[in-house]
Amino acid sequence: MKEEFDVDIVIPWVDGSDKKWQEEKNKYLPDEKKINIDAAANRYRDWDNLQYVFRSIEKFAPWVRKVFLITCGQKPKWLNEKCDKLMFVEHKDYIPKEYLPTFSANPIELNLHRIEGLSEHFVYMNDDFFFTNNVLKEDFFKNGLPKIVAIEKANSVGKDMVFENILANNIRLIGKVFNKKDTKKKLKKKFYGICRFKESITNKIFDFVGKDGWVGFYYDHLPAPILKSSIEQCWRIFSEKLDATSKNKFRSIYDVNQYLFTEFMICSGNFEPAKYGQKGRLLNIDDENYVQLEGFCEEIKNQKYKMICINDDKVLNFEETKNKINQALDSILPEKSSFEL
């Protein structure tokens, strides 16, 4: 039976090459070493392939109701603002003014529930996420709930590891609200199951390894289904930490991020379990695995996965890498979408 509810997509984007934006960013940029922030240039680098994100949505996910493009006011030159499915949103349209300007993804993500007209069910995508084959609404939501891989996972944390510290902050908050033993007992069918053997075994291992509390959760760096009402619940429960994070101009080791929402949905039982590895693939591109680039491009051309993330991990050989990736994307998405002029 087909489920009748709207699903939107939300995509934040920034053009880090914009001189005016760079000047604004530099006004707020502190000494990175002193306060443990992440303001690396690759966080803001534009791969000139956002149009392929929109093409992939139109071709492979035509069931999507609206696509919300979030920027600080920047607009891609090719953007067709008259497109019926496009909702162009500036930071100032939904993020409280006390949090602006921001140069961190965290305030942008943590305040998504404030976007006017956003549906209860939505998929959050970074601007480096692409559909490369047909996806269904049912790939993201089942029985009206987000499909999530619910596996405990320990994440290493070092003093200067900003992202890893953020994940640790997330799980500390979750542990204050959800007792691990009680939660897993209550949601036994969702954490364990014969048809999800790998997930069940992993969770049972961490029942003993992390018997004193949650150690962390697996996350896939791919399009994420979210319930707007769950974000609102998190703001009621974790308002102090979400407010503090939203006030930080740059990503900091003291932050939390949008994975908190996924973890909250898991522990509150507000999800349907998904199988590990079925969703798609993270293509983590850096100079160490540059030799794998041709293989990555072939996977895109052959449409091996339903969705991919092309993650810029400080690529030095940027122009050549960008051109090869974009050529691969163009081979499966050559036609303009209605989002383009």
Side-chain angles (χ1 to χ4, degrees), residues 9-55 67-83 86-112 114-116 118 124-130 162-163 243-252 255 257-258 285 310-323 325-326 329 336-337 339-341:
I9 284 181
V10 179
I11 307 168
W13 174 77
V14 65
D15 178 5
S17 66
D18 181 348
K19 299 298 182 185
K20 185 176 180 182
W21 177 87
Q22 288 176 359
E23 290 175 4
E24 183 78 357
K25 174 193 169 190
N26 290 337
K27 288 179 186 177
Y28 293 90
L29 191 64
D31 186 331
E32 191 171 341
K33 292 181 180 179
K34 283 186 179 179
I35 66 166
N36 296 308
I37 66 169
D38 182 359
N42 63 302
R43 297 290 175 210
Y44 313 100
R45 188 154 57 181
D46 181 27
W47 280 62
D48 192 26
N49 56 20
L50 182 66
Q51 65 271 33
Y52 294 112
V53 179
F54 281 92
R55 291 181 191 184
V67 180
F68 290 75
L69 177 63
I70 301 173
T71 84
C72 60
Q74 298 170 330
K75 295 178 183 178
K77 293 178 181 179
W78 48 262
L79 190 67
N80 176 18
E81 294 185 68
K82 295 181 180 179
C83 176
L86 176 69
M87 301 296 290
F88 182 78
V89 182
E90 296 188 38
H91 293 172
K92 64 182 181 180
D93 295 333
Y94 78 100
I95 300 177
K97 61 182 180 180
E98 60 265 31
Y99 303 150
L100 295 175
T102 186
F103 307 94
S104 165
N106 295 334
I108 295 168
E109 296 169 343
L110 297 182
N111 291 278
L112 293 177
R114 305 181 196 275
I115 297 176
E116 185 176 354
L118 180 64
Y124 178 71
M125 294 176 61
N126 290 348
D127 61 5
D128 55 3
F129 293 173
F130 305 84
V162 175
F163 183 72
D243 175 69
T245 296
S246 294
K247 287 176 179 174
N248 290 334
K249 298 300 182 188
F250 299 92
R251 190 189 298 195
S252 159
D255 288 355
N257 68 6
Q258 53 101 0
I285 302 176
I310 300 171
N311 189 48
D312 180 352
D313 194 9
K314 299 182 180 179
V315 177
L316 297 179
N317 198 2
F318 178 67
E319 288 300 323
E320 183 179 350
T321 303
K322 179 185 76 171
N323 290 337
I325 288 291
N326 289 351
L329 289 168
K336 283 186 177 182
S337 69
F339 296 95
E340 299 171 70
L341 295 171

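Residue numbers run from 1 in the order of the sequence given. As a basis for the values below, the full set of heavy atoms in this structure was taken, side chains included, without hydrogen atoms, waters or symmetry mates.
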For this session: Report yes if some heavy atom in the side chain of Asn257 is under 4.5 Å from a heavy atom in the side chain of Phe163; otherwise report no.
Result: yes

For this session: Considering non-hydrogen atoms only, spot the tightest contact between Leu112 and Leu118 and give its length.
Result: O-CD2, 3.5 Å

Exercise. Roughly how far apart are Leu100 CG and Lys249 NZ, rounded to 0.5 Å?
Worked result: 6.5 Å

Problem set entry | Point-to-point distance, once rounded to the nearest 0.5 Å, from CE of Met87 to CD of Glu116 | 7.5 Å

Problem set entry | Residue that, paired with Tyr99, satisfies side chain to side chain donor-acceptor pair (under 3.5 Å) out of Asp243, Asn111, Asn106, Asn248 | Asp243

Donor-acceptor contacts under 3.5 Å from residues 67-79 side chains, at least two apart:
{"residue": "Thr71", "atom": "OG1", "partner": "Gly73", "partner atom": "N", "Å": "2.8"}
{"residue": "Thr71", "atom": "OG1", "partner": "Gln74", "partner atom": "N", "Å": "3.1"}
{"residue": "Thr71", "atom": "OG1", "partner": "Gln74", "partner atom": "O", "Å": "2.7"}
{"residue": "Gln74", "atom": "OE1", "partner": "Asp15", "partner atom": "N", "Å": "2.7"}
{"residue": "Gln74", "atom": "NE2", "partner": "Asp15", "partner atom": "O", "Å": "3.1"}
{"residue": "Gln74", "atom": "NE2", "partner": "Asp18", "partner atom": "OD2", "Å": "3.0"}
{"residue": "Lys75", "atom": "NZ", "partner": "Glu81", "partner atom": "OE1", "Å": "3.1"}
{"residue": "Lys75", "atom": "NZ", "partner": "Glu81", "partner atom": "OE2", "Å": "3.3"}

Exercise. How many angstroms lie between atom NZ of Lys336 and atom CZ of Phe54, to the nearest 0.5 angstrom?
Worked result: 14.5 Å

Exercise. If every non-hydrogen atom of Leu50 is compared with every non-hydrogen atom of Asp127, which pair is closest and at what distance?
Worked result: CD1-CB, 3.9 Å

Problem set entry | Which atom of Asn317 lies closest to which atom of Thr321, heavy atoms considered | O-OG1, 2.7 Å

Exercise. If you round to the nearest 0.5 Å, how far is CD1 of Ile108 from CD1 of Ile115?
Worked result: 10.0 Å

Problem set entry | Heavy-atom pair with the smallest gap, counting every atom of Pro107 and Ser246 | CG-O, 3.6 Å

Exercise. Strictly by modelled atom types, are Glu109 and Tyr124 linked by a side-chain donor-acceptor pair under 3.5 Å?
Worked result: yes

Exercise. What distance do Gln22 atom CD and Tyr44 atom OH have between them, rounded to the nearest 0.5 Å?
Worked result: 11.5 Å

For this session: Would you give the length of the straight line joining atom NZ of Lys25 to atom CZ of Phe250, rounded to the nearest 0.5 angstrom?
Result: 6.0 Å

Seminar exercise, completed: side chain to side chain contact (heavy atoms under 4.5 Å, CB included) filter on Asp128, not counting sequence neighbours, yields Asn126, Cys309, Asn311

Problem set entry | Val53 and Phe130, any side-chain heavy atoms less than 4.5 Å apart | yes

For this session: Start with the C-alpha distance between Glu23 and Lys20, add both sets of side-chain angles, then the distance that settles salt bridge (Lys or Arg N to Asp or Glu O under 4.0 Å), and finish with yes or no.
Result: CA-CA 5 Å; Glu23 290 175 4; Lys20 185 176 180 182; over 6 Å; no

Exercise. How are the rings of Trp47 and Phe318 set to each other: parallel, tilted or perpendicular (split at 30° and 60°)?
Worked result: perpendicular

